[in-house]
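Following: one structure in structure tokens, then a few remarks.
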There are 2 protein chains.
Amino acid sequence: MASGKELCEGVEWRIRVVDGSSEVLVPPTGPARKVWLRTKGLISGLGMKVRMFLKQAWDMGANDPRKVIHCIKVGLALTIVSLVYFMRPLYDGVGGNAMWAIMTVVVVFEPTVGATLYKCLNRVCATCLAGFLAVGVHWIASQSGDRFEPFVVGASIFILASIATFSRFIPSVKSMFDYGAMIFILTFSIVAISGYRVDKLFDLAHQRISTIIIGTSLCIIVIMLVCPIWSGQELHSLTVRNMDKLSDSLDGWFRSRCVRQYFTNSNGEDDQKLQGYKCVLSSKASEESMANFARWEPSHGRFNFRHPWKQYLKIGASMRSCAYCIEALNSCINSENQAAESIKKHLSTSCLKVSSSSSSAIKELAESVKKMNKSPTIDLLVEEMNSALEELHNDLKSLSHLLNPSTTAENQISATGLVPFMEVIPVVTLASILIEISVRIEALVGSVEELVKESEMKDKIVAKEEKPEGTMKALQRV
Amino acid sequence: MASGKELCEGVEWRIRVVDGSSEVLVPPTGPARKVWLRTKGLISGLGMKVRMFLKQAWDMGANDPRKVIHCIKVGLALTIVSLVYFMRPLYDGVGGNAMWAIMTVVVVFEPTVGATLYKCLNRVCATCLAGFLAVGVHWIASQSGDRFEPFVVGASIFILASIATFSRFIPSVKSMFDYGAMIFILTFSIVAISGYRVDKLFDLAHQRISTIIIGTSLCIIVIMLVCPIWSGQELHSLTVRNMDKLSDSLDGWFRSRCVRQYFTNSNGEDDQKLQGYKCVLSSKASEESMANFARWEPSHGRFNFRHPWKQYLKIGASMRSCAYCIEALNSCINSENQAAESIKKHLSTSCLKVSSSSSSAIKELAESVKKMNKSPTIDLLVEEMNSALEELHNDLKSLSHLLNPSTTAENQISATGLVPFMEVIPVVTLASILIEISVRIEALVGSVEELVKESEMKDKIVAKEEKPEGTMKALQRV
């Protein structure tokens, strides 16, 4: 049978030309058509990509409206700072240097209050320090005569920029003053060098500082008054959320996966919930940066200034150590060496008890962190977990009754009901990892209790010293 | 016996005053002395801290001289760009806006070539794009009359700044153009607003772009010619180093810890080497940022442009999944339930074989990544590992002979030489985690082979297309 294409190629379109002969109309199958088809493909592919990209962006905004609010806040702050340009007295006041205020707003405005405050304070302090130093260096340079002035200025820039850059590598400086060191180099270079050309050096330094102060104050006001997002609160919620996830994956696993699939060979469903522990594994970096920024925040909500943020990092580390074990458990459960049915049955009840009791202990810890007070039931839950462990221990002990001491006579299984040793191994491994997880949960209990204790101590100290909480709360409610 | 302080307080110093009476000289034990002592303590404490800080900084510089070189490079680049200020024709050429060149150098200069190129290209492209857009918006605004001009400019700033800020949250934009989005907002705001005051808008845009090009080209020249540090090379070395660490901790553990301590109850020594796997656990963030920057780098050394950097992330993930298991192994080895001696002896040989063969497989993989070619011996090593696994399997199987089927008669152990089931569990867990580790090592072998294959393919494509390697190598050797 001839294909459609062949048929189509068999037909010719002819037109009669004026001189009586006829010419063949060739369909555009040549390079032009190819280019057209390729271009069409490219355009539709691009359109597809753009649509996908927009959908992704839309979903992101819909899932977390605070991101959209942040964008509006940036637009708002920039529009307000533009007023400096439009209002003649303000513009003249800063000698046409209003550009610095805009620049400050753009580079300083971060999604959280802590990050913005960190950048604002670093920028203001570093600018002042560098400004004074640069004026000093400029004075020394001007005393050394016209010939040596460029050399003195150049050498000072080289030395100070190198030292400040080096300081950015030192961990303690990096965590607190990284941005400040950069701004220091920037301001020092600009002011020291401008001194060579601009005679009104003091004016330049003064204008730069005042525009930066205008910019930073505007940022601080907008970030704190319009739907503020606090790093500390975020860290707190992340910790609680991660604990819940850990608890869910520990519990859900055993309920859906082990009991149904592992212990009775059926399929689990809510895989996504079970994979929650992976979030715990990968949240180290964000925890650290949040704890870093939270230190800069004034007291807000239930958190005082100097709330023990570092303790959250310890809790995070404890959670991760649990999550490592859950990862190992995962492979254990997915491993191909499936255990014998009788052994699974023998251990399923106690394994389930251990997992559900440790899961509820973590859940209670999450609640305790959430409310920031010592849970009244946690000791009871830990005790329950320990008694479940004891039970698992006993079940493991009695497992030897089910074992077939002979390795060769594997066909005896069904006859005697005894199981070869190899088929016990996966379950035993699972049980001992479960035991290890509960040991690690006890460490987690310890670090949560420490956090609660430290935070209560800080609360008392602050209550004695002053009451800044009230003002911040009032500010927040505006 | 009276204490020294009491004795001292018993003695009084008296001076005879002119009128004949005598006055007691009170030793300065009052608040003044306290303040003095406290101040002294504070100063010495501060001195101590400063000394510690300087020592830390010195050690850091001594351990990684490249950091010092980077600092000198920053100083150098800044001093060179200052020449623009000192040279009259250059200064006039950019209309007194030489400040932008300095600023560009300060904010764009990063330790690695990739990071610097990323920032340079982002800065230049974003500035050009924003400059053109701002000129367009300014033209529209000027057409709409004096009254509406501020509103048009303000609205455009609000909308574009919000959109650009939002785009920074989208992962694909964030990884490639985060800095560019910020610079876009910055330039657009400054140029659009300056248009309201500065009549020479085109000049402003042109000057800003040309100073930025001066700054970025200088940065690129300095970063590439003076001891360049390539992100790609760093990622490559980090991967090799991490593999070596993983191999060391797997091997060292079993040699020193298990064999001596766990299997024969003595103490391990080189703990630091054994903890190497923790570096693997915590290097995800740095791997990701390096892979991100490496994409911007031209071909250098043995790496072509478009080297499969993403594959390194997959290898990193595989390594981490091994490291999780080593973490679980750690707890297993440190666990208090020590196993029975006879069981340990029974399994120690095969466990050692598995661990040492998997360790040498990882070492060989590291070598393979280092040389960027498929190792001729890796298949052999994997086979060896598998045969060791087989042996361990058999040893586990035969373990049941040593088991005491009765749980209650624990005092029979010494008499019969049989071991209660509970004392087998730790060793069995250890063995099965070890088995899991070797399964994960096979996955690691797969991802390394994929990297080698992809890189060879890219090499061939590049060799066909052109030879940019040669130019870059020549540039590097300058």
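By convention in this document, chain letters (A, B, ...) are assigned in the order of the sequence lines, proteins followed by strands, and residues within each chain are numbered from 1. Bear in mind the structure is a predicted one, so any value in this text is a computation, not a measurement.
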query: Between His70(B) and Phe166(A), is a ring pair (Phe, Tyr, Trp, His ring centres under 6.0 Å) present by the stated rule, with each step listed?
result: CA-CA 8 Å; His70(B) 169 68; Phe166(A) 186 74; over 10 Å; no
Does any heavy atom of chain B fall under 4.5 Å from the side chain of [X], the backbone, both, or neither of them?
| X | value |
| --- | --- |
| Phe53(A) | side chain |
| Val173(A) | side chain |
| Leu281(A) | side chain |
| Lys67(A) | both |

Closest heavy-atom pair and its distance - Ser162(B), Gly75(A): OG-CA, 3.9 Å
Euclidean distance, [Y] [atom2] relative to [X] [atom1], rounded to 0.5 Å:
| X | Y | atom1 | atom2 | answer |
| --- | --- | --- | --- | --- |
| Thr429(A) | Ile433(B) | OG1 | CD1 | 7.0 Å |
| Ile190(A) | Leu78(B) | CD1 | CG | 9.5 Å |
| Ile80(B) | Phe158(A) | CD1 | CZ | 10.0 Å |
| Ser432(B) | Leu430(A) | OG | CG | 10.0 Å |

Side chains of [X] and [Y]: closer than 4.5 Å at any heavy-atom pair?
| X | Y | value |
| --- | --- | --- |
| Val153(A) | Ser82(B) | no |
| Gln56(A) | Pro171(B) | yes |
| Cys71(B) | Phe169(A) | yes |

Do you know which of [options] has the most heavy-atom pairs with chain A at a distance under 4.5 angstrom?
| options | answer |
| --- | --- |
| Ile157(B), Val105(B), Ile185(B), Ile425(B) | Ile425(B) |
| Ile159(B), Ile72(B), Val439(B), Asp64(B) | Ile72(B) |
| Lys284(B), Met182(B), Arg168(B), Met103(B) | Met103(B) |

message: For the interface with chain B, which of Val428(A), Thr187(A), Leu186(A) has the highest count of heavy-atom pairs at distances below 4.5 Å?
response: Leu186(A)
Among Ser282(A), Ser189(A), Ala328(A), residue most engaged with chain B (heavy-atom pairs, under 4.5 Å): Ser189(A)
- prompt: Relative to each other, are the rings of Trp100(A) and Trp100(B) parallel, tilted or perpendicular (30° and 60° limits)?
  reply: parallel
- request: May I have the step-by-step check of salt bridge (Lys or Arg N to Asp or Glu O under 4.0 Å) for Arg440(A) and Glu327(B), ending in yes or no?
  value: CA-CA 12 Å; Arg440(A) 295 187 178 195; Glu327(B) 233 277 338; 2.8 Å; yes
